[in-house]
Amino acid sequence: MGTRVFGEPVQRREDARLVTGQGRFLDDLGQNALAAAFVRSPHAHARILDIDVSGALDIDGLVAVYTWEDLPGRVGEPLPLLIPHPTLTHGRTGYPLARDTVRHVGEPVAMVVARDRYLAEDAAERIRVDYEPLPAVVGIENAARADRLVHDDVPGNVAAVLRQENGDAAAAIAAAPHVLEFRLAIERSASMPLEGRGVYARWDADDGSLRVYSSTQASTSVRAAIAARLGLPNGKVEVVAPDVGGGFGVKIVHPWPEEVLVPWAARLLDRELKWTEDRREHFVAAAHERGQLQDVRVGFDDAGRILGLDVRILHDHGAYTPYGIIIPIVTSTQLLGPYKIGAYRAEVTSLYTNTVIVTPYRGAGRPQGVFCMERTMDRVARHLGLDRAGVRAANLIQPDEFPYDQGLTFQDGRPLIYDSGDYPELLRKARDLIGWDGFEAERAAAASDGRRIGIGLGIYVEGTGVGPYEGGHVEIDTAGRVHVSTGLTSQGQGHETAFAQIAAAELGVPLGDVRVTTGDTRRFGYAVGTFASRAAVMSGNAIALACRKVRAKALRIAGEALEADPSDLEITDGVVHVRGDATSAVPLRTVAVLSNPLRYAFDEEAAAATQFAVGRPSEEAPVAPGDEPGLEGRDYYSPVRSTFAAGAHAAIVEVDPETAEITILRYGVVHDCGRLINPMVVEGQIHGGVAQGVGGALYERMVYDASGQLLNASFMDFLMPYATEIPKIETDHLETPSPLNPLGIKGAGEAGVIPVSAVIASAVEDAEGLRVDAMPLSPDALYTLRRRAEHDPALRTE
Amino acid sequence: MKPPPFGYAAPRTLDEALAALAAAPGGKVLAGGQSLIPLLSMRLAAPPALIDINRAAELDTLRTGDGGVRVGALARHARVERSAEAAAVQPLLRRALRHVAHPAIRNRGTVVGSLAHADPAAELPAVLAVLGGTVEAASPEGRRTIPADDFFRGPLECALGPGEIAVSAFFPAAPPRTGSAFAESARRHGDYALTGVAAVVTLGEDLRVTAARTGHLGIAATPLVLDLTAAAGSAGDWPAAAAHVRARIDPDADIHASADYRRHLTGVLTERALRAAAADALRRARD
């Protein structure tokens, strides 16, 4: 890998297209398609008594209205439960269109197809649905109390009870010199990509095939789901993820009701049909995440070493569980972070509520777990009067202890074994970056000006690159262009750049000669999807392996052409040559011609290639057994288990003594995702992640009232931070390569968001001297906390 | 989130606009559209017709004189914000306009449109109210001048009658030895404020306080103007004035702030704004 393109901060190649309006997002496609709109439940919980569509029928341009009654066979069956788990004893999913009961505001009840979206909404407005409202279950504590049920046949509203255990936590805590007990709370937020979901389907009646474009994170799985529901062979369904304006987890769920209904209706009507989700729909009909209540018991010694930790978590799962209990698994395992604690026990109870479903959002349960662990570290330090960074240091796994087995089972069903890392060095760098050791002088100087500032930190470990596999296909054509494809999708991460860097480095070709296609089942049919910070690890390594196959083949063919031993050849700037001899050379484009015995001279390259006397002996087949025509290769990467990235964040905040407004003065990130493919892309990922983390820490929540209405279902009232709310982010890197994969890389996609709530809570608590146990923290909440603390000394940290 | 069907007229003069509005009872006047278009898209409003006045050049005016600043119905926030003349005559306008939403919205939205929309959380109604400004309205019957006290009737409700169009607003000039300040607290930059205050303080020849008024947004159904001259006293006891405000107001809770916090915050901002307005008055008195 002699080319320096790997590891360089190469500018993102997709940006010129995306920032000049040349991107092709879902709604840019299908300009002549019919439009779908949905009638959605206005009730959080109700029985459907009657649906009267007659009022809509005279709208000019109305094409069709469908309710559950119209859905044939598998189209009308409940949506699949994607990831079953033995502890998910009461998994439930909804119907594509509600059958007889609605369980959250926004659940689809009828689909309207019309000439355009305006008319479709006009018609939807005129459809009368007669509901019998039922009592709604809203809020984690109400769900746990179970006075009312979301599903009649799910006692206690309990979908799953997941236990993770290592050692005897109760005994360890009982024997510990110090014990603390407290409750923590995190509210709901959501992925909230700027482009919502969307599906556009075209049925080709002559070919009996379906082409579907979906704004998805998993095109191959969407294809399999559509094929199964519509009774089509996989080969007759193509699913393409066009440019996708962000996913952050919500678009990994599949099939969404609309992903079944739109293709089904397109085929039935034999008309192009498109549905583009609007923002209000996204708030009430996509997915949320994060809401948890955590009861913590921790036992520790005089040095702050954790001897036993027992965590009981109530997890708000919303109305259905199509994505299983990934979030509870991730929270309960990743909670341990970089620490080796004594005995551990976690119990997560997944509860149904009459709210939008809960599925992974960037971080996928880690922010809650890290919040729990890091709040615990601060509590322990304050209780003992020790430095918060020192208590963390006393509990860290040491560099010589890898691979480190946490004794639990991770989300991939494999043992939770950390592959590599250097957590003490991460902590040291974070302290240096933020100026931890000199902060007391800073605090005093600010205080003398009447300003109140505080410092906080948090460390996390993130399992990345979960299996089971991804594949890569690489083809070099007779113009010397390198076509790379992989099945997983892109939502703006910079895959076109990073994957091209890997291919260019592996093959020895100029970066500009590499073209990357992702998320298109026409190009690559087997894939898992883009989630869990896995794209670079999984597809990156698969592409590297596929490149190595192509490279070996190119060297073999070039060796024949140059009458040289392939082991004496190397590739530089797209030309194969004898090492140290630039004159004995053949370009890869010529090798591509030579790789195919059929040489119609369609282009100059094919004509030129005739100078090389490559050919198989006349008594043998032109294509040797086991060989293939063409200069292409395909390979898969399937890891034994996940890689574990890590990071330490630290922040300094200022709180206004009068208004309780909170300002982040500085935010520092030290990040370790193994070998860096492109530091600039990684930093971009961190910046975006921290921005979402700041949203979760200070701004975003889903405000449901007692009847299950979402009161802030717009960008006016759901406070996603603007650029003006995000501080400058200072970053430093550490590179501990993963021993598990050929490139030594780990994932970076979710890293930025994970510890932010923990870090901000730590810093505000430090500034105020008040316990911060619940996020997000608004000025109102801080003001209220101050008032309560006037009468309740237990809320003070000293 | 697509609007329901509506009629559309694009008059080129005020007279044409009035005729179009008369022909479409219940029609809404479209200027910058920064509030109206979202209301339509969310189907919270379904007027039979939009009277788009953007082509009526005679309304696109901004005049400043000794008496004050007269803003025509098509003058965008950004134009008024950037006008040095307007800022010289009435500095409070620019100070408040910088808090109105975001630059992109200020490039399109209009001052008069914001007044006519009468959102109690908006900045400009409070400014007009505290300055004792007026709105000029035109109808086929003629014109009338409506004082700010009468103009704001309730949340999203103003004194314009059916068939009437607000053609301009008048912000009186700052008198001698008079200073102003604007303060608000929003959850994010550019959001509607949780609470906000425009303060105006006038000093006498002896530099003692002779008048102190505040115009509040976000805490009542209409802009709330309070005369704090007595509460502050001639020495300018701003904490006492702020305490008076806290006791006087009765804000609502919403999803972004409790009533208690809003009351507290209003007091803090009022004291800060009065202090800044007094400093501004002193500066102007000494110039």
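A, B, ... follow the sequence lines: proteins, then strands. Residue 1 opens every chain.
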Mind checking which of residues 105-118 of chain A sit less than 4.5 Å from chain B, heavy atom to heavy atom?
A:R117, A:Y118
Show me the side-chain donor-acceptor pairs of residues 103-112 of chain B shorter than 3.5 Å, one per line, residues at least two apart or across chains.
| from | atom 1 | to | atom 2 | distance (Å) |
| --- | --- | --- | --- | --- |
| B:R106 | NE | B:E81 | OE1 | 2.9 |
| B:R106 | NH1 | B:V100 | O | 2.9 |
| B:R106 | NH1 | B:A101 | O | 3.4 |
| B:N107 | ND2 | B:P103 | O | 3.4 |
| B:T110 | OG1 | B:G113 | N | 3.0 |

Scan residues 218-230 of chain B for pairs that pass side-chain hydrogen bond (donor to acceptor under 3.5 Å, both in side chains), counting only residues two or more places apart or in two chains.
B:D227-B:T229
Heavy-atom distances under 4.5 Å only: say whether B:R272 touches chain A with side chain, backbone, both or neither.
side chain
Under a 4.5 Å heavy-atom cutoff, which of B:V268, B:L194, B:D254 has the most pairs with chain A?
B:V268
Does CZ in A:R787 sit with more than 12 non-hydrogen atoms of other residues, nucleotides or ligands closer than 6.0 Å?
yes
Largest heavy-atom contact set with chain A, pairs under 4.5 Å, which of B:S41, B:G267, B:A257, B:P4
B:A257
Under 4.5 Å to a heavy atom of chain A? For B:I255 that would be both
Once rounded to the nearest 0.5 Å, what's the spacing between atom CG of B:L265 and atom OH of A:Y783?
9.5 Å
What residues of residues 718-726 of chain A sit under 4.5 Å from chain B when only non-hydrogen atoms are counted?
A:F718, A:L719, A:M720, A:P721, A:Y722, A:T724, A:E725
Can you tell which of B:R188, B:K2, B:R187 has the highest number of heavy-atom pairs within less than 4.5 Å of chain A?
B:R188
Could you look at A:R701 and say if it's the side chain, the backbone, both or neither that has a heavy atom under 4.5 Å from chain B?
side chain
Between the side chains of B:H256 and A:N712, is a donor N or O closer than 3.5 angstrom to an acceptor N or O?
no
Compare every heavy atom of A:T659 with every heavy atom of B:Y261, then report the nearest pair and how far apart it is.
OH-O, 2.6 Å
Would you mind checking which part of A:E281 comes under 4.5 Å of any heavy atom in chain B, side chain (CB onward), backbone (N, CA, C, O), both or neither?
neither
Measuring heavy-atom distances to chain B, does A:L119 have an atom under 4.5 Å in its side chain, in its backbone, in both, or in neither?
neither
Tell me whether the count of non-hydrogen atoms from other residues, nucleotides or ligands lying under 6.0 Å of CZ in B:R43 goes above 12.
yes
